[in-house]
Amino acid sequence: MSPPLDPLNETNGDFAELYRKTPIMMHSIDRQGCLLAVSDFWTEVMGYTREEVIGTHLTNYLSESSRRAAEETYLPRFLRVGQARNVPYQMVKKNGEIIDVLISAASEKDAEGNVLRSMAGIVDVTEQKKAEQEIYRLAHYDQLTGKPNRFLLRDRLHQNIAQGSREGHKLAVLFLDLDRFKWVNDTFGHHAGDKLLKIVAERLSSCVREVDTVARIGGDEFVVVLYGILSNEDPATFARRFLEELSRPTRIEGREIINTASIGIAIYPMDGHDVDSLLRKADTAMYAAKELGCSTYQFFSTEMAERAKEKLLIQNQLRRALYGKDLTLNYQPQIDLRLNRITGFEALLRWNCPTLGQVSPARFIPVAEETGLILPLGEWVLQTACTQAVAWRKAGMPPLRMAVNISARQFSRPDFTDMVERILSETGLEPEYLEIELTESTVMDRMQDAIATLTDLKVRNINLAIDDFGTGFSSLVYLKDFPFDRIKIAQEFVRDLSEGSDNKAIVSAIIAMSRTLNLHVIAEGVEKLEQLKFLQSQQCHEIQGYYFSRPAPAELISKAYATGALN
Ligand code: C2E
Ligand code: MG
Ligand code: MG
């Protein structure tokens with residue numbers, strides 16, 4: 001065996017010069033792994049002098065994990081094969097700094113093929129590696145909260161499911177959506193919204209264990225995966241604890257905000273075996289929680305899925321529905337009890353869907369609201385109802401009020417008043433014959449804006465009615481700040497006016513208070529003579545209900561009027 005040679009030995013002439021000066025990190029080792037020579041650039045980068053390193057073992061300059069890899073796999077294999085290409089290592093500089101490198105090496109062998117020594121070229125890829133990590137972070141983590149994003153969540157959930165199936169463990173997927181996040185953003189600005197999201201992410205993380213995942217998958221939506229739950233009580237306990245944690249007041253822009261969220265829960269393997277179905281079902285359950293009112297959680301159920309399916313069906317069919325063919329208006333008379341005659345009509349939407357049959361507005365209006373379809377649909381209703389009112393007048397009917405229901409989404413449009421005014425001028429209906437019906441929540445949710453819009457309508461002489469009064473949480477006291485003309489007592493109170501029912505007291509109180517506030521009162525859903533008698537005894541101004549007439553198509557009303565039945 002020839003003695004180890006030093007590549008830097010003077011006798012190597014030009015090669016020694018080249019080896020030393022080449023601006024590449026190079027080193028040579030003997031078959032034990034001890035350094036025989038290093039290039040100038042090697043010493044420069046690593047911060048050692050040549051004298052310090054020659055004769056020492058290569059592994060002294062490797063990080064803990066690289067040292068293990070070198071001892072266990074790389075060096076033994078290298079001594080057999082004598083070749084290596086782009087082996088990733090971490091080297092440690094004299095000052096302790098770690099750099100990522102790729103080492104490529106070739107060796108000199110003796111006649112028997114044993115490696116005598118080797119020479120390696122080393123490339124510093126620290127910057128590249130950092131860039132790669134940054135790209136990974138950008139692609140897998142949410143920038144704002146630093147939590148896993150949708151992609152990493154899917155990855156983790158996938159792994160959790162695989163592990164759960166191997167080890168026979170259950171897991172829970174919780175879909176969480178903040179209540180009123182839009183309100184925070186709109187009221188305090190995006191900066192405040194961002195701050196809130198960070199707080200939520202931190203509070204969520206403080207409620208979970210190391211093995212669980214907290215991800216932000218969009219806007220104000222978070223997903224938590226709880227691995228290895230023992231019973232359904234576990235995610236419920238988590239949901240309760242988190243809702244409690246979340247409701248601790250938060251100071252944002254100098255104001256205290258109480259946050260709430262709605263949480264939907266799906267369980268593996270009970271509700272699904274794959275990522276998509278678990279996320280979808282947790283999402284469905286979240287919507288059900290929202291519908292129940294805020295700050296609550298719901299487990300997924302098949303009945304929920306049925307409802308979600310129906311909603312989707314309605315949504316698709318409604319998009320296809322043709323106004324004037326599948327969608328029509330019916331009109332229900334409103335009767336003044338003192339004058340004993342019809343003073344107005346309420347326009348009510350009817351949908352005869354070719355696939356679903358007759359669909360009640362109570363089912364399709366909320367879907368139309370959610371999808372925004374209510375905007376074109378609502379405009380069509382207003383246009384059609386106003387046109388009908390003018391047509392009846394032209395046909396010789398006495399001037400009657402036309403009441404039209406307006407949803408929250410329509411009412412909150414900044415151009416709402418303009419739209420109403422345009423339709424009035426297009427159809428030629430005088431504003432005093434139009435009445436706009438709004439529910440309590442429509443006006444109460446945005447009090448200041450609502451007062452401004454209502455005043456705008458009122459100065460144009462349009463009538464304003466508050467619909468389904470008593471079902472919201474408002475009191476008549478608030479109403480004095482709004483320019484309403486009429487209160488419609490909700491059907492639920494009128495339905496049961498029997499002796500001993502609280503409703504009698506409620507209805508008389510509403511009527512008495514309305515009188516002091518100078519508001520007209522109309523009772524909805526009057527079906528029986530006893531109800532009518534009671535309302536008369538309380539001096540309720542008007543009634544609407546099956547007792548007098550069901551909502552009917554325009555032609556039927558025209559005919560009834562022509563035959564004198566409605567006079
Ligand atoms: P609403 O505005 O409170 O309308 C009164 C509802 O009570 C109507 O139901 C009407 O048919 C029903 N009704 C009237 N008299 C009686 C009665 O004596 N007994 C019973 N049990 N019910 C009676 P409908 O037509 O099913 O409408 C339900 C709701 O859908 C309406 O409640 C309204 O909130 C909404 N809606 C209907 N049409 C429109 C529309 O064009 N636009 C908007 N935004 N919402 C509408
Ligand atoms: Mg109404
Ligand atoms: Mg009503």
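Between Gln298 and Ala288, the shortest heavy-atom distance links the atoms CG-C, 4.1 Å. Minimum interatomic distance between Ile510 and Ile487 (heavy atoms only, all atoms of both residues): CG2-CG2, 4.3 Å. The shortest non-hydrogen separation linking Lys147 to Ser205 is NZ-OG, 2.9 Å. Shown here for Gln531 and Gly525, the closest heavy-atom pair between the two residues is OE1-O, 4.0 Å. Considering all non-hydrogen atoms of both residues, Asp220 and Leu197 come closest at CA-CD2, 4.0 Å. The two residues Gln538 and Arg515 come nearest to each other via the heavy atoms O-NH2, 3.2 Å.
Surrounding CD of Gln358 are more than 12 heavy atoms belonging to other residues, nucleotides or ligands, all under 6.0 Å away. No more than 12 heavy-atom neighbours from other residues, nucleotides or ligands sit within 6.0 angstrom of CZ on Arg550. Atom CZ of Arg240 has more than 12 heavy atoms from other residues, nucleotides or ligands within 6.0 Å. Atom CG of Asp502 sits in a sparse spot, with 12 or fewer heavy atoms from other residues, nucleotides or ligands closer than 6.0 Å. Around CZ of Phe482, the count of heavy atoms belonging to other residues, nucleotides or ligands within 6.0 Å exceeds 12.
Taking Val275 as the reference, Arg154, Leu157, His158, Ile161, Leu279 meet the side-chain contact (heavy atoms from CB on, under 4.5 Å) condition, with sequence neighbours excluded. Among residues two or more places apart in sequence or in another chain, the salt bridge (Lys or Arg N to Asp or Glu O under 4.0 Å) test is passed with Lys182 by Asp186.
Ion pair Arg393/Glu430 flagged as a salt bridge, since at least one NZ, NE, NH1 or NH2 atom sits closer than 4.0 Å to an Asp/Glu carboxylate oxygen. Under the 4.0 Å criterion applied to side-chain N and carboxylate O atoms, Glu435 and Lys488 are not assigned as salt-bridge partners. Classification of Glu244 and Arg203 as a salt-bridged pair fails, no side-chain N sitting under 4.0 Å from a carboxylate O.
Below 30°, between 30° and 60°, or above 60°: for Phe242 and Phe238 the angle between ring planes is below 30°, a parallel geometry. Ring geometry, His273 versus Tyr268: the interplanar angle exceeds 60°, so the pair is classed perpendicular (tilted spans 30 to 60°).
A donor-acceptor distance shorter than 3.5 angstrom exists from the side chain of Glu440 to the backbone of Gly470, with no hydrogens or angles considered. Arg216 contributes a side-chain N or O that, together with a main-chain N or O of Gly219, makes up a donor-acceptor pair within less than 3.5 Å. The main-chain N or O of Glu221 is never found under 3.5 Å from a side-chain atom of Asp177 such that the two would form a donor-acceptor pair. Between the side chain of Lys528 and the backbone N or O of Leu532 there is no donor-acceptor pair closer than 3.5 Å. Looking only at distances, a side-chain donor or acceptor of Asp179 sits under 3.5 Å from a matching main-chain atom of Ala261. No donor-acceptor pair under 3.5 Å is formed between the side chain of Asn352 and the backbone N or O of Asp326. Under a 3.5 Å cut-off, the side chain of Thr187 and the backbone N or O of Val184 do not form any donor-acceptor pair.
By the 4.5 Å heavy-atom criterion applied to side chains, Phe299 and Pro235 are counted as neighbours. Phe469 is not listed as a side-chain neighbour of Val521, based on a closest heavy-atom distance of 4.5 Å or more. Residues Leu434 and Val420 are in side-chain contact: their nearest non-hydrogen atoms beyond the backbone lie under 4.5 Å apart. Between Met270 and Asn232, the closest side-chain pair of non-hydrogen atoms falls below 4.5 Å. Looking at heavy atoms from C-beta onward, Glu524 lies in side-chain contact with Asp467 at the 4.5 angstrom threshold. Arg341 places none of its side-chain heavy atoms less than 4.5 Å from the side chain of Pro398. Residues Phe484 and Leu517 have side chains not in contact (no heavy-atom distance under 4.5 Å, counting atoms from C-beta outward). Looking only at side-chain heavy atoms (C-beta outward), Phe416 and Asp456 stay at 4.5 Å or farther from each other.
To the nearest 0.5 Å, the span separating CG on Leu382 from CD1 on Ile406 amounts to 5.5 Å. Atoms CZ and CD1, from Arg251 and Ile199 in turn, are 11.5 Å apart once rounded to the nearest 0.5 Å. Between the CD1 atom of Ile314 and the CZ atom of Arg319 there is a distance of 13.0 Å, given to the nearest 0.5 Å. How far CZ of Arg495 is from OG of Ser501: 11.5 Å, rounded to the nearest 0.5 Å.
When only modelled atom types and interatomic distance are considered, Asp468 and Thr439 share no side-chain donor-acceptor pair under 3.5 Å. Counting only N and O atoms by type, the side chains of Asp271 and Ser277 include no donor and acceptor under 3.5 Å apart. In this structure, a donor-acceptor pair under 3.5 Å is absent between the side chains of Gln315 and Thr371.
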Audit row: Trp392, Tyr433, ring-ring contact (aromatic ring centres under 6.0 Å, His included) steps and yes/no: CA-CA 12 Å; Trp392 276 335; Tyr433 293 111; over 10 Å; no
Residue pair Met419, Arg413: steps toward the side chain to side chain contact (heavy atoms under 4.5 Å, CB included) verdict: CA-CA 10 Å; Met419 190 263 285; Arg413 294 272 303 190; over 6 Å; no
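A ring pair (Phe, Tyr, Trp, His ring centres under 6.0 Å) check over residues 187-206, counting only residues at least two apart or in different chains, returns the pairs Trp183-Phe188.
Between Gln334 and the choices Glu346, Glu542, Arg486, Arg401, the side-chain hydrogen bond (donor to acceptor under 3.5 Å, both in side chains) rule is met once, by Arg401. The one candidate from Glu369, Glu306, Glu370 that meets the salt bridge (charged side-chain N to carboxylate O under 4.0 Å, His left out) condition with Lys311 is Glu370.
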